[in-house]
Amino acid sequence: MKLSRPVSLGAEFNRFWIGQSVSTVGDRVTVFVVPTVMIFALDASAFQVGIVAMAQYLGIPLLGPLAGVLVDRWDNRRTLLVCDLARLAAVAVIPLAYWQGWLSTPLLFACVAVISGATIFFTVGYLVAVPAVVPKDHLVRAYSRMEGSRSVAEVSGPSLAAGLYGALGVAALLVDAASYLISALCIRSMRPWGERTAAEGTVWQRLTAGFRLNWSDPVLRRVVVAAVTLNCGGPVFVTVLPILAYQGLGVSVGVFGAAMSVAAVGALAGAALAPKAGERLGTGRMLAWALLLHCLVGLGVLAAPALPAGAVIAVTMGCYGFFMSFINVSSAPIRQSRMSARNQGVMHAAFRTATWGVIPLAALAGGLAVSLLTGPLGILDAARLTMAGGTLLAACSFLPALRIQRLLDAAERGRTPEADGGNAEPALAEGTS
């Protein structure tokens, strides 16, 4: 049987893909090491862990709308380069401060906030870059490959981070700093892409346009509501997980890292299967069911400590990541199919702001809930109850996503979206707010 060769997405995409693949592995190191350092080196409380987790997303509501407008107007490649270098510097400060005896929760908060801010601009530029260098009919394949790389990072990252932390301590963060340098070099080798839109309206007009575009389109509106609901509960689960593992279940750094790596195999499998599933089910239907299943499988973590904690975390998070890959692979193409290239930047920035803006509060709420419940319940039951509550709240994201496939099918058949209660991309009256 002759095997078909994978479809080539071009040299420009491959350079970008390589850079982001390396950078994503580095990100996993920082995501793993920062709470580990806080719990073991700084003896931080659950509330302090929640505060720093909040900083990871704090820039989204503060910078998100502006990022979409400015990325449209700036040189896209140069923007991504500056973002990589800013993140490199912020990550490198953490081990340097630790060696000098200056490391504290406020400093970690500041460093993570800088990384978050730079990541916001980078993410908007990245979402503009991919459709600019990949043909429209290959976008799902491109996002599947990017998601596959993210999943590989999820597989290798925690074990790598645990091993590096065991061998190097806080210096493990320098691996992430180096990964940003590699990403910057890959982007520097690419040709410029995209077109600027500086002449089209003021900053305020373009800023508000992104929100109106997301809300006036019936498909985008449902995706926004679903994502906001998901992000009200999901970050609670993720923020409390290391607290549950380390303090509630007594899991070691090595076991937790290995469990998270085994878990990420599910995310890798999801990234590989998502394109075929999307073809069979439709991207809208796949998104809706993936949202529901992604959340419900999180309840599996309640099986510990009745069952071995490492195995429970690995299996639960494997299923969790499997369906998260389906969500990621389907969401971006759905949104991009509803918007012209001219408005991609502001649309993505407004979407990120609206849907990720709730994450800082959710992360803080997770840490605060565990702190408040630990007194009457103990750390184990406090963490379990908080995670279960966040998971059930996030599962409600399934409801607004149910009708998305019907709207996409109507558009495919040539019906106007107005027949379903909205419009795909309304004409924007410049000067209105």
Side-chain angles (χ1 to χ4, degrees), residues 1-9 13-14 16-18 20-21 24-25 27-28 126-127 130-131 134-159 219 223 226-227 230 234 237-238 259-301 311 313-337 391 394-395 397-398 401-402 404-406 408-409 412:
M1 179 179 178
K2 185 177 181 180
L3 298 176
S4 59
R5 298 179 60 184
V7 176
S8 174
L9 299 179
F13 172 78
N14 288 338
F16 191 74
W17 184 23
I18 290 170
Q20 295 320 294
S21 298
T24 304
V25 173
D27 290 343
R28 293 296 93 198
Y126 147 73
L127 289 170
V130 173
V134 175
K136 182 178 180 180
D137 56 346
H138 289 323
L139 276 178
V140 172
R141 291 182 182 275
Y143 283 113
S144 178
R145 293 183 189 182
M146 298 293 285
E147 185 65 14
S149 295
R150 188 193 68 81
S151 300
V152 170
E154 296 281 356
V155 172
S156 60
S159 289
V219 171
V223 175
L230 178 69
F237 183 95
V238 174
M260 293 299 289
S261 288
V262 173
V265 173
L268 181 60
L273 295 175
K276 287 293 185 182
E279 292 175 4
R280 288 178 175 272
L281 298 175
T283 52
R285 191 173 294 109
M286 179 173 75
L287 175 63
W289 285 104
L291 285 166
L292 178 64
L293 295 172
H294 164 73
C295 298
L296 293 184
V297 297
L299 295 175
V301 78
I313 293 172
V315 173
T316 299
M317 295 305 293
C319 298
Y320 199 77
F322 179 84
F323 292 112
M324 189 73 244
S325 292
F326 277 60
I327 295 170
N328 291 338
V329 169
S330 58
S331 177
I334 288 173
R335 288 183 283 118
Q336 288 173 339
S337 71
T391 297
S397 60
F398 166 74
L402 278 173
I404 290 175
Q405 188 61 51
R406 178 188 168 199
L408 293 174
D409 291 342
E412 186 70 21

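Computed over heavy atoms, backbone and side chain alike; hydrogens, waters and symmetry mates excluded.
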Quiz prompt | Shortest non-hydrogen contact between G270 and S325, atoms and distance | solution = C-CB, 3.7 Å
Quiz item: So which heavy atom on S397 is nearest to which on A394, and how close?
Solution: OG-O, 2.7 Å
Self-check item: Minimum heavy-atom distance between F326 and F322, given as atom pair plus value
Solution: CD1-O, 3.2 Å
Practice problem: Output yes when a side-chain donor or acceptor of S330 lies under 3.5 Å from a complementary backbone atom of I327, and no otherwise. | Solution: yes
Ignoring hydrogens and angles, write down the donor-acceptor pairs under 3.5 Å from the side chains of residues 284-301, residues two or more places apart or on other chains.
residue: R285; atom: NH1; partner: L281; partner atom: O; Å: 2.3
residue: H294; atom: ND1; partner: Y320; partner atom: O; Å: 2.8

